[in-house]
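Step one of this worksheet: look at the structure below.
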Amino acid sequence: MNLTIGHLYPDLLNLYGDRGNIQCLKKRCEWRDIQAEVVSFEITDEIDFSKLDIVLLGGGSDREQMLVCRRLLEIREDFRAYVEDNGVVIAVCGGYQLLGNYYQTAEGRIEGLGIIDLDTEQGENYRLIDNIILESDLFSMPVVGFENHAGRTNLKNNKPFGRVIYGSGNDGKSGYEGVVYKNVIGTYLHGPLLPKNPQVADYLIEKALERKYREKITLKELPDLEEREANEAMCQRLKGKVSRPQDQMQLG
Ligand code: GLN
């Protein structure tokens, strides 16, 4: 079996090393004798979504999101068709916001793809920065990560990725984080999301294989000893604490 992973615009959307998620997907495929090819796209490249099985859209600053948004609007219908055809997407932070209708900042509105009906507005006073822990119906392990965003996302009627146990999530008040829409996961969890959360990585691989080979796939278990230890250590560290991101960074 084989999978092709498309990395969209890593030169612009690569905050906190989101590309590590690609390495994790590739490695977890290789450990199971699944061939994984990675194709990175620059903003001027044409993308043939019919050749892709997993798409990663990383996070970026407002400036980079603005640059990427222009290009995304040009390829919107191809991207939408891929998603509606159950194409697998992992979209992180700025990338997550761009799947929605818009991201409204003090400087202007960044148009999103409108593939998922959600809206994001920049918070007035402070960024939501901290470690974060979620529980999700999709996974038995807690999902751990790090978030840093000014945007507050209104999920409307969509299904969240998880419930916030520690941290801020979509808007700092709803108690929800991210979105799951068809085979898309959108999340504010940055950087090594997949290395820290092997069950999330395997979920994406499984969905991509099931779509491609049209059969139920059960991936071979991997030991994941270090991954489980790291996950547990983070949960222990934050247990019983309350996240107060506003104490960390006031905006002027
Ligand atoms: N620029 C967006 C925000 O601040 C996304 C940031 C990010 O990708 N970390 O909300």
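Values in this document were obtained by computation on a predicted structure and should not be read as measured data. Start at 1 and go down the list; that is how both ligands and their atoms are numbered.
Contacts of Arg127 with ligand 1, taken as heavy-atom pairs under 4.0 Å, involve the side chain alone. When heavy-atom distances to ligand 1 are checked against a 4.0 Å cut-off, Thr120 has no atom that comes that close, whether in backbone or side chain. Under 4.0 angstrom from ligand 1, there are no non-hydrogen atoms of Tyr16. Counting heavy atoms under 4.0 Å from ligand 1, residue Leu15 touches it through the side chain alone.
No side-chain donor from either of Asp171 and Asn154 sits under 3.5 Å from a side-chain acceptor of the other.
Near Gly59, meaning under 4.0 Å from any of its heavy atoms, are these atoms of ligand 1: 8 (O). Atoms of ligand 1 lying under 4.0 Å from any heavy atom of Ala150, numbered from 1 in the order shown and given with element: 3 (C), 4 (O), 10 (O). Interface atoms of ligand 1 facing Gly151, defined by a heavy-atom separation under 4.0 Å, are 3 (C), 10 (O). For ligand 1, the atoms closer than 4.0 angstrom to any heavy atom of Gly94 are 5 (C), 7 (C), 8 (O).
Enclosure of atom CD in Glu46 is not indicated, since only 12 or fewer non-hydrogen atoms of other residues, nucleotides or ligands lie within 6.0 angstrom. For Tyr176, the OH atom counts as loosely surrounded, since its 6.0 Å shell holds 12 or fewer non-hydrogen atoms of other residues, nucleotides or ligands.
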(request) Could you check Thr153 against Tyr188 for side chain to side chain donor-acceptor pair (under 3.5 Å), going step by step and ending with a plain yes or no? (result) CA-CA 10 Å; Thr153 296; Tyr188 276 113; 2.6 Å; yes

(message) Using side-chain contact (heavy atoms from CB on, under 4.5 Å), reason through Glu37 and Val39 one step at a time and then give a plain yes or no.
(response) CA-CA 7 Å; Glu37 188 198 351; Val39 186; 4.0 Å; yes

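Taking the centre and axis of the six-membered ring of Tyr103, the NZ or CZ atom of Arg152 falls outside the cone set by 45° and 6.0 Å.
Using a 30° and 60° split on the angle between ring planes, Phe49 and Phe79 fall in the tilted class, from 30° to 60°.
Heavy atoms of Tyr103 come nearer than 4.0 angstrom to ligand 1 in at least one pair. The closest approach between any non-hydrogen atom of Glu147 and ligand 1 is not below 4.0 Å.
Around atom 2 (C) of ligand 1, the closest heavy atom drawn from His190, His149, Gln65 belongs to Gln65.
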